[in-house]
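Just so it is clear, the model here is predicted, and its values are computed rather than measured. Below, each value reflects all heavy atoms present in this structure, side chains not excepted, and no hydrogens, waters or symmetry copies.
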Amino acid sequence: MVSTGLNHAVVIGSSFAGITAARVLSDHFARVTVVERDELTDESAVRRGVPQGSHVHGILKLGREILDDLFPGFVEETQREGAVFIDQIANGAGWTPHGWSIARGPTSLKGYGVRRPLLELVARRRLFALPRVELVQGRVQGLRAAGGRVCGVVLDGADDGSRTLDADFVVDASGRGSVAPGWLEEAGFEVPTDTVVNAFGGYASRLIRVPDVWPDGVRFAAALPAPGATKGAIVYPQDNGLYIVSLFGLSRDYPPGNEEGFDAFLRGCRIPLMHTIVSQSEKVNAIRTSRSTANRWRHYEKLADPPVGFVAVGDAALAANPMYGQGISTACLGAVTLGQTIVDADGDLAKVPRDFFARQATNNVFPWELAIGYDLRFPDTVGQRPPPTPELLERGRYLDTLSQVATEDLEVSEALLLSTHIYDRSRLFEPDFVAKVEAWRAAGRRPRFTDPTRPPWEAAA
């Protein structure tokens, strides 16, 4: 049911932050307009406005559940379009900073194998089928402001140079390249400060078709960069029988976009298994690269007087290194939070920005700490490092030991991975897990399977 008096909302951008925000706003506004600068088609094609769109994707359990709630049957629809699910522990060969994880067995944790453009296509179809939602193609040039509030946007125009869209509420969902702080400054509003942590990461990816060469039930392989080993990669299933091989490097160890360099980078990763698989596979498309990986938190929650009629969501507020796969889920969580904030404000939009920014900041602590916590392990990373308090150091040591235990303990392995899927680590600190860490330490144990040339099924033999 539409809230009384809420007539028109404008959402800038049609990526997942914009799609989910528009869907939530359609419950409260008589009309929702999504403004997108890219030309959208009915095909699952990579868009210029989504630099991560060519690289490995999936949606965490948190994000999948939100999308299925906002668009009932969404996940099933993507499966009809070819998306697949795999057991992330039973079917994976994962190399960690502690070596191979041999804790492999059936779990409830499913990885979502699907290309980003197909995900967006299905979500857009569902969104723009709603009667209150419309699409306008164009580029936003700035905000309209009057009476101390945002009241619309200024769009580029084909003939007269610009045109305006009046709105009761404007949502910036334009992504990590958002220039909304500049628009706010031009309109006379306070500008948010930034926190940036940059590990100087890059991607290079391509789609492939993998023949039947996977060993022992394995369906994907992955190795993240680690201190002292800045090259990483993943070979992961996508939809319709495709696989993606994504290379990622940190500390300016950027994966190349040419064939020879791509092959050499993959050979340089810690585990030879991925190169073995890729070298036997069919190339489907050209290599694509991206270096849009810096972590940036725009602190809208710290504004003394946030403008009425405006909020920023998704990467426009917090953009984390996409290597950790949190972007879509964080955007979905932000959209749901926006809807709840509007409900709690009982339609009074003057209350929404401050309350929403505070709630969104609380949501963003987990993905931010996870991303920068890993990136700050690399000495070349630039950015403010949290002060090494005794509590923080002990927490880090505990989680490091727990990660060692997880290489051999299936219950711990599943709980660790689940915590990243649902943004909740509380299970990891319960007494039975603390006891496992203490027993591991008391026995002086160390991970045993640390030869990258011997995969788990060989190492455990």
Side-chain angles (χ1 to χ4, degrees), residues 43-46 51-59 78-79 81-96 100-101 104 110-119 201-225 229-249 253-290 322-323 325 451-459:
E43 298 179 353
S44 56
V46 175
Q52 185 64 11
S54 300
H55 307 297
V56 64
H57 260 82
I59 305 180
T78 65
Q79 289 180 284
E81 294 283 352
V84 296
F85 281 90
I86 56 174
D87 190 317
Q88 283 196 277
I89 294 178
N91 301 128
W95 176 263
T96 77
W100 292 108
S101 175
R104 297 174 62 221
K110 306 304 178 185
Y112 198 15
V114 59
R115 290 169 296 145
R116 168 65 178 262
L118 181 56
L119 282 171
Y203 274 84
S205 300
R206 78 172 344 146
L207 294 170
I208 58 175
R209 293 190 187 278
V210 179
D212 187 18
V213 294
W214 290 106
D216 194 44
V218 172
R219 293 188 62 196
F220 74 92
L224 286 179
T230 52
K231 290 177 170 62
I234 186 169
V235 184
Y236 199 75
Q238 300 289 269
D239 53 274
N240 295 292
L242 295 170
Y243 268 77
I244 192 166
V245 50
S246 282
L247 313 182
F248 22 80
D253 190 358
Y254 300 119
N258 60 77
E259 296 286 348
E260 183 178 354
F262 190 93
D263 184 74
F265 191 100
L266 187 56
R267 282 184 181 275
C269 292
R270 293 295 301 277
I271 59 174
L273 173 65
M274 291 184 290
H275 186 271
T276 300
I277 296 295
V278 173
S279 65
Q280 300 177 72
S281 301
E282 173 193 351
K283 301 169 185 174
V284 172
N285 66 350
I287 300 165
R288 294 175 182 255
T289 63
S290 173
M323 190 173 77
D451 181 351
T453 68
R454 296 186 65 206
W457 52 92
E458 296 178 8

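No donor-acceptor pair under 3.5 Å is formed between the side chain of T289 and the backbone N or O of G257.
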V245 and R206: CA distance, side-chain angles, deciding distance, side chain to side chain contact (heavy atoms under 4.5 Å, CB included) verdict: CA-CA 6 Å; V245 50; R206 78 172 344 146; 3.6 Å; yes
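Closest approach of G217 and R104 over heavy atoms only: C-NH2, 4.5 Å. For the pair A233 and C269, the tightest heavy-atom approach, listed with the atom from each and the gap, is CB-SG, 3.9 Å. The two residues D87 and A90 come nearest to each other via the heavy atoms OD1-N, 3.0 Å. Between A204 and I287, the shortest heavy-atom distance links the atoms CB-CG2, 4.1 Å. The shortest heavy-atom contact between P452 and P272 is O-CD, 3.4 Å. The heavy-atom pair separating Y203 from M323 by the smallest distance is OH-CA, 2.8 Å.
Taken from CG in N285 to CD1 in I208, the straight-line distance is 10.0 Å, to the nearest 0.5 Å. Note that the CD1 atom of I271 and the CH2 atom of W100 stand 4.0 Å from one another [nearest 0.5 Å]. Remark: W214 CH2 to L273 CG distance equals 6.0 Å, nearest 0.5 Å. If you take CZ on F265 and OG1 on T230, they are separated by 6.5 Å, rounding to the nearest 0.5 Å. Distance check: E81 CD to R115 CZ gives 9.5 Å after rounding to the nearest 0.5 Å. Between K231 atom NZ and L224 atom CG the span is 15.0 Å, to the nearest 0.5 Å.
By the 4.5 Å heavy-atom criterion applied to side chains, H55 and P322 are not counted as neighbours. You'll find the side chain of D263 stays beyond 4.5 Å of the side chain of E259, heavy atoms only. At least one side-chain heavy atom of L247 sits under 4.5 Å from a side-chain heavy atom of L266. Residues Y243 and P237 form a side-chain contact, since some pair of their non-hydrogen atoms from C-beta on lies under 4.5 Å apart. L242 has its side chain within reach of R209: a pair of non-hydrogen atoms, C-beta onward, lies under 4.5 Å apart.
Not counting sequence neighbours, the partners of Y236 by the ring-ring contact (aromatic ring centres under 6.0 Å, His included) test are F220. Under the side chain to side chain contact (heavy atoms under 4.5 Å, CB included) criterion, T96 pairs with H98, T407, not counting sequence neighbours.
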